[in-house]
Structures are given as structure tokens and as C-alpha cells.
Amino acid sequence: MSEAIKEPGEVSGKSPFAGCAIMLTAVAVVGFLIVFSVVVLFRQFNEIARFTGEKPVKVGVESMEDREAELNRLAEKIERFRIAVVEDRSAVMELNVSEVNLAIAAYPAFKDLRGNLRLREIHEDRMIFDISFKLNGKPRLAKGGETGIMATDPRYLNGTLSGVPALVNSELVLRVKDIEVSGAEVPRGFIEQMSPYRIAERYVGQGELGRVMAGLTGVSLGADVIRFENVAGNIPEDAVTDQEVDQAGHRLFRFLGIAATVFLVFTALILAVGFRARKRRKATDTTS
């Protein structure tokens, strides 16, 4: 005969259930990922909606009217410090609240900060800002006139932010200590995710401002002043640790690790069921 006769108890190496199990597992994993991502995304947006508003609040911009003398003194102070840093000479520059806000209002490099951040107070342990930050809102279908399929309605974080300036990788950042919103409580997890707040990220490596920031060897706070320092010959040391910079990423990896564990357990259960079914089928074929 052209076909070999199978002996009793011989089981085909090709198990239909094994293929189904793999397919079911793959579909289940993909489905779980999609559902998991959507649930987490919408849960996050719902939590953010609790302490954000639908409209921004007005954050004042320092007036420059009739302040030519102050602007000239500020420009001279900043220019002296800039030259010293570029030439690697020791220098210290102190700016008070008014000078910081005046610099934001006067210099084009800081135009993106106008209207959404204003320095209110400087203490020896923190700076306090009035803020109105634009955040992404919950995804929705695009309405008439909007491009694309999906769109969002922005949310605004309106309140006060307190933090401490620090240096990391030639960049001036803020260690965020607290965010206060009238009539709502900002979750600690959200605050930790914002810290360090990269207030000067756009200036890294860009023009003279980037060069000055890269040359700073220290930044600290005093009574009503923020102090920038350059010590000749010193290499800038990061005041923010890698752990602080990556803490949001660590939380994400822990979350994904839990999800991966769930996937593995689910897969193991599917395969265990398949192996048991195959074993029972093999035992049945043997006895028949």
C-alpha cells in the first residue's frame, strides 16, 4: 500500500489544537494590549481632568513701559556674565523676581514662557511660579473643520508650581516640589512625573543661551534671588541624579512588567490546557 499504516498509539506530530492554542494566545495578547492601553489612557485623562480646567487663566507678563533704565542694567548684567562663561572666567550673576520676569518679557528667546509662567516669589528653599500649562485632553472624533480622524480638547493646568532649580546634562531644570490648584488636589504621582521639569529644554545647544547654560557650574537660591555661577576650570556637576530623571520611566517599566507577567501566566494556562488535551487524546488513541 502507498500509505504507511499507523500503529496503535501513534499520534500525529501535527496537533490541530496546538495551532489553535498559539493563535488564540496571540489574539488574546493583542486584544489585551489594545484594551489595556485604551483603559490606561482614558483613566489617565479622567484623572487629569479632575485638577485641570477647560480654559487657561491669564498669567501676567511683566510690563516694560518706562523701564529703560532697568532693562539696560539687566542687559549689562547678563552680558557680563555671558562673556565670563564663554571665556571660562569665574563669575556670579544674581537675578531677583522682577529681573527674571523682565527678562522673560524682554528677550525673544523666552517668548514661549510668556502668558503661561510667571515667577511670583523666590525663597532660599524654593521658587514659586504662577502657571497655566496646556495639556493634551481626552481623544475624540474630529469635528467639522478639524483635520484628521481624531482630535482632542486641550486641558489647562492653572495654579502655582514650586520647585528648586538644578543642573542636569548642561541643562537648567526645576525639581518640582509641589503644584497647587484652587479647589482640587494634584496627585503626587503627576507631580513626580513632571519632575524634573525641563523648563529650558528648547535652549540646549542652541546659540549663545545654550553655550552659557552648558558652561554653568552651579545654580542656587538666596533671599529673593536666583544665583547662577561659573567657576573657572570646574566641570559642571549634575545636581539631578539619573534616578530622578528616569523615575517616570521606572514606573512605566514596572507597570509593563506586571502586564508582561499577566501575559506569560495567561499563555502558560493556554499551553497547559493544550498539553492536557493532547495527553488525553493520546491516551484515548492508545486504549482504542
Pair up each side-chain donor or acceptor in residues 220-233 with any protein partner under 3.5 Å, not counting sequence neighbours, and list the distances.
| from | atom 1 | to | atom 2 | distance (Å) |
| --- | --- | --- | --- | --- |
| S220 | OG | R227 | NH1 | 3.2 |
| R227 | NE | E94 | OE2 | 2.7 |
| R227 | NH2 | E94 | OE2 | 3.2 |
| N230 | ND2 | R89 | O | 2.8 |

Same cluster or not: [X] versus [Y], using hydrophobic residues (I, L, V, M, F, W, Y) connected whenever any side-chain heavy atoms lie under 4.5 Å apart?
X	Y	answer
V176	I199	yes
L117	V164	no
V186	F129	yes
Y156	F190	no
I104	V97	yes

Sequence neighbours left out, what pairs pass ring pair (Phe, Tyr, Trp, His ring centres under 6.0 Å) with at least one residue falling in residues 67-126?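 Counting only pairs at least two positions apart or across chains, the ring pair (Phe, Tyr, Trp, His ring centres under 6.0 Å) contacts touching residues 67-126 are F110-Y203.
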
Surrounding NZ of K77 (heavy atoms of other residues, nucleotides or ligands, distance under 6.0 Å), is the total greater than 12?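 Counting neighbours around NZ of K77, more than 12 heavy atoms of other residues, nucleotides or ligands fall under 6.0 Å, so yes.
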
Given the rule in the side chain to side chain contact (heavy atoms under 4.5 Å, CB included) test, do I122 and N96 qualify, once you have shown the distances and angles that lead to the verdict? CA-CA 8 Å; I122 300 179; N96 59 33; 5.8 Å; no

Checking [X] side chain against [Y] main chain: does a donor-acceptor pair fall under 3.5 Å?
X	Y	answer
R198	V173	no
N158	K55	yes
N169	E171	no

For residues [X] and [Y], report the shortest heavy-atom separation together with the two atoms involved.
X	Y	answer
A214	S170	CA-CB, 3.7 Å
P154	T152	CD-O, 3.8 Å
S132	G115	CB-O, 4.5 Å

[X] side chain near [Y] side chain, heavy-atom distance below 4.5 Å:
X	Y	result
L74	L95	yes
L172	P165	yes
M213	L209	no

Would F133 and Y197 satisfy ring pair (Phe, Tyr, Trp, His ring centres under 6.0 Å), going step by step from the backbone distance to the final call? CA-CA 12 Å; F133 293 157; Y197 177 50; 5.3 Å; yes

With rounding to the nearest 0.5 angstrom, report the [atom1] to [atom2] distance, [X] to [Y].
X	Y	atom1	atom2	result
S195	D178	OG	CG	11.5 Å
N72	E68	CG	CD	7.5 Å
R120	I128	CZ	CD1	7.0 Å
T160	I179	OG1	CD1	9.0 Å
E180	I131	CD	CD1	10.5 Å
L119	L113	CG	CG	11.5 Å

Answer yes when R73 and E70 have at least one side-chain N-carboxylate O distance shorter than 4.0 Å, and no when they do not.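 Salt bridge absent between R73 and E70.
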
Partners meeting salt bridge (Lys or Arg N to Asp or Glu O under 4.0 Å) with E54 (sequence neighbours left out):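 If we apply the salt bridge (Lys or Arg N to Asp or Glu O under 4.0 Å) test to E54, skipping adjacent residues, there are no hits.
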
What pairs with A49 under side-chain contact (heavy atoms from CB on, under 4.5 Å), at least two apart in sequence or on another chain?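 side-chain contact (heavy atoms from CB on, under 4.5 Å) check on A49 returns R155.
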
Listed by chain and number, what are the side-chain contact (heavy atoms from CB on, under 4.5 Å) partners of V86, not counting sequence neighbours?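 Residues passing side-chain contact (heavy atoms from CB on, under 4.5 Å) with V86: R82, E208, R211.
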
What donor-acceptor contacts under 3.5 angstrom involve side-chain atoms of residues 57-65, with partners at least two apart or in another chain?
| from | atom 1 | to | atom 2 | distance (Å) |
| --- | --- | --- | --- | --- |
| E62 | OE1 | R118 | NH1 | 3.1 |
| E62 | OE1 | R118 | NH2 | 2.8 |
| E62 | OE2 | R67 | NH1 | 2.8 |
| E62 | OE2 | R67 | NH2 | 3.4 |
| S63 | OG | E65 | N | 3.3 |

